[in-house]
Amino acid sequence: MEEDLDFEKKVSIKDTMEVDPTKIIVLLRGFLEIQQRRAQAYSKLKRGFSDYMASGGELAYQQLCSEITVEFNDCSKKVLEMESLFRSPEYCRVDLAQILRAVQDQEKQKLQLTATIQVLKKAGRPSERLVSHENCKYTKPTEHECVHVKEITEASGTEEAEADAEYDNALKEAIRGVQDAVMAINERLEEVRYEIAALEAE
C-alpha cells in the first residue's frame with residue numbers, strides 16, 4: 001500500500017514536471033537555424049577556397065578561415081548549450097540531446113575531412129606539382145642547370161604513379177567521408193523535423 005502511494009507521488013511529480021512543448025519546439029527550431037548557419041559557412045568556405053585556388057590570395061583565404069572558425073565555434077557552443085538543456089531535469093529529453101550530440105560529432109568529422117580535402121587539393125597530385133627552381137644553378141640569367149631534370153626510369157615512374165594513386169585514394173576517401181557525414185547529419189535533422197511536427201500536433 002505504501003509502495004502504491006510512492007508510485008502515485010512519482011507519477012504526480014512527473015505530471016507537474018511536463019515540459020511545455022513550445023519550449024522544446026523553440027529549442028529545436030533554434031538548432032535548425034544553427035545548422036543553416038553552418039551550411040552557409042560551408043558555402044562561404046567552398047567559394048573562398050575556389051577563389052584562393054584560382055588567384056592564390058593566401059592572406060584573404062587565411063582571413064576567411066579565421067572567420068569560418070569563429071562561426072563554427074559559435075555554432076558548436078550554442079548546440080552544446082542546447083544539448084545540456086535537453087539533458088537537464090527541466091527538459092528530461094535525453095533522446096533529443098543524443099540527436100544533437102550525434103550531429104555535433106558528424107559536423108566535427110565533416111569539418112576535419114573538408115580541411116583534409118582542401119589541403120590535398122592545395123598540394124595537388126604529386127605528378128602535377130609545380131617545380132621550384134630556387135636551388136638550381138644559374139650559368140647565365142636566362143639559362144640554368146636544373147636540379148630537377150633527371151633521367152626517368154621505370155622505378156621513378158612507378159613511384160610517381162604510386163604516389164598519384166595514394167593521393168587519389170586519400171582524396172576519394174575524404175570526399176566519401178564528407179558525403180557520409182552529410183547523409184548522417186541530414187537523417188538527424190529529419191528526426192528533429194519529425195519531432196517538431198509531433199509536438200505541434202499535440
Side-chain angles (χ1 to χ4, degrees), residues 27-87 93-130 157-197:
L27 272 180
L28 291 176
R29 287 195 188 285
F31 171 69
L32 292 176
E33 287 172 14
I34 289 169
Q35 286 304 112
Q36 187 61 40
R37 282 177 52 197
R38 281 180 168 154
Q40 290 167 349
Y42 272 111
S43 292
K44 191 174 178 182
L45 182 62
K46 187 176 180 179
R47 276 192 315 275
F49 183 70
S50 293
D51 292 347
Y52 165 70
M53 291 298 286
S55 69
E58 185 81 33
L59 186 61
Y61 182 66
Q62 286 177 354
Q63 186 175 355
L64 174 66
C65 287
S66 294
E67 291 170 18
I68 297 297
T69 299
V70 168
E71 180 70 6
F72 281 134
N73 285 340
D74 185 54
C75 289
S76 291
K77 182 181 169 198
K78 288 181 175 167
V79 172
L80 290 173
E81 289 169 3
M82 291 175 176
E83 179 188 350
S84 179
L85 280 173
F86 282 130
R87 289 186 189 281
R93 290 300 306 264
V94 175
D95 59 327
L96 296 177
Q98 289 171 338
I99 290 173
L100 270 57
R101 167 58 34 209
V103 170
Q104 280 291 97
D105 292 344
Q106 290 297 323
E107 286 289 355
K108 181 178 180 182
Q109 179 79 0
K110 179 182 169 188
L111 185 58
Q112 289 171 341
L113 291 170
T114 298
T116 298
I117 290 168
Q118 290 185 354
V119 167
L120 287 169
K121 285 184 174 182
K122 182 179 176 188
R125 294 180 86 213
S127 64
E128 297 169 359
R129 291 182 183 152
L130 293 176
T158 302
E159 278 178 33
E160 192 172 270
E162 287 173 354
D164 279 353
E166 195 175 305
Y167 168 88
D168 291 342
N169 286 336
L171 186 59
K172 284 177 189 172
E173 187 177 313
I175 290 169
R176 192 170 27 253
V178 167
Q179 291 168 339
D180 291 346
V182 168
M183 279 181 37
I185 290 166
N186 287 340
E187 287 171 6
R188 297 297 188 189
L189 294 180
E190 201 56 35
E191 289 178 45
V192 169
R193 288 183 192 98
Y194 285 138
E195 182 66 27
I196 290 171

* **Contact list for residues 170-196, test ring pair (Phe, Tyr, Trp, His ring centres under 6.0 Å), sequence neighbours left out** =>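 Sorted pair list comes back empty.
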
Any chance the side chains of [X] and [Y] put a donor and an acceptor closer than 3.5 Å?
X: Glu107; Y: Gln35; result: yes
X: Lys110; Y: Tyr42; result: no
X: Ser76; Y: Arg38; result: yes

* Pairing residues for Leu80 by the side chain to side chain contact (heavy atoms under 4.5 Å, CB included) criterion, not counting sequence neighbours ->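 Only Glu83, Arg101, Gln104 meet the side chain to side chain contact (heavy atoms under 4.5 Å, CB included) criterion with Leu80.
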
* Asked: Under the side chain to side chain contact (heavy atoms under 4.5 Å, CB included) criterion, do Gln98 and Phe86 qualify, and how do the steps go?
  -> CA-CA 9 Å; Gln98 289 171 338; Phe86 282 130; over 6 Å; no

Side chain proximity check, [X] to [Y], heavy atoms < 4.5 angstrom:
X: Arg193; Y: Leu32; value: yes
X: Ile99; Y: Val192; value: yes
X: Leu64; Y: Tyr52; value: no

* In a check of side-chain contact (heavy atoms from CB on, under 4.5 Å) between Gln118 and each of Thr116, Leu120, Thr114, which one passes? ->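 Per the side-chain contact (heavy atoms from CB on, under 4.5 Å) rule, the option paired with Gln118 is Thr114, out of Thr116, Leu120, Thr114.
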
So how far is it from [X] [atom1] to [Y] [atom2], rounded to the nearest 0.5 Å?
X: Arg176; Y: Leu171; atom1: CZ; atom2: CG; answer: 10.5 Å
X: Glu173; Y: Asp180; atom1: CD; atom2: CG; answer: 10.5 Å
X: Leu45; Y: Thr69; atom1: CG; atom2: OG1; answer: 8.5 Å
X: Ile117; Y: Lys121; atom1: CD1; atom2: NZ; answer: 6.5 Å
X: Gln62; Y: Ser66; atom1: CD; atom2: OG; answer: 7.5 Å
X: Gln63; Y: Leu59; atom1: CD; atom2: CG; answer: 6.5 Å

* Asked: Given Arg37 and Asp74, is the side chain to side chain contact (heavy atoms under 4.5 Å, CB included) satisfied, shown in steps?
  -> CA-CA 10 Å; Arg37 282 177 52 197; Asp74 185 54; 2.7 Å; yes

* To do: Walk me through it: do Leu96 and Leu27 pass the test side chain to side chain contact (heavy atoms under 4.5 Å, CB included)?
  => CA-CA 10 Å; Leu96 296 177; Leu27 272 180; over 6 Å; no

* **N/O donor-acceptor pair under 3.5 Å between Tyr61 side chain and Gly48 backbone** =>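 No; judged by distance alone, with no hydrogens or angles, the pair does not exist.
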
* Decide whether a cation-pi geometry holds between Lys108 and Phe72; the criteria are a distance under 6.0 Å from NZ or CZ to the six-membered ring centre and an angle within 45° of the ring axis. =>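 Ring-cation test returns no.
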
Kindly give the heavy-atom pair with the smallest separation between [X] and [Y], and that separation in Å.
X: Tyr167; Y: Pro126; answer: CB-CD, 3.7 Å
X: Ile34; Y: Lys78; answer: CD1-CB, 3.5 Å
X: Gln106; Y: Ala181; answer: OE1-CA, 3.2 Å

Are more than 12 heavy atoms from other residues, nucleotides or ligands located less than 6.0 Å from atom [atom1] of [X]?
X: Glu67; atom1: CD; answer: yes
X: Met53; atom1: CE; answer: yes
X: Glu81; atom1: CD; answer: yes
X: Gln112; atom1: CD; answer: yes

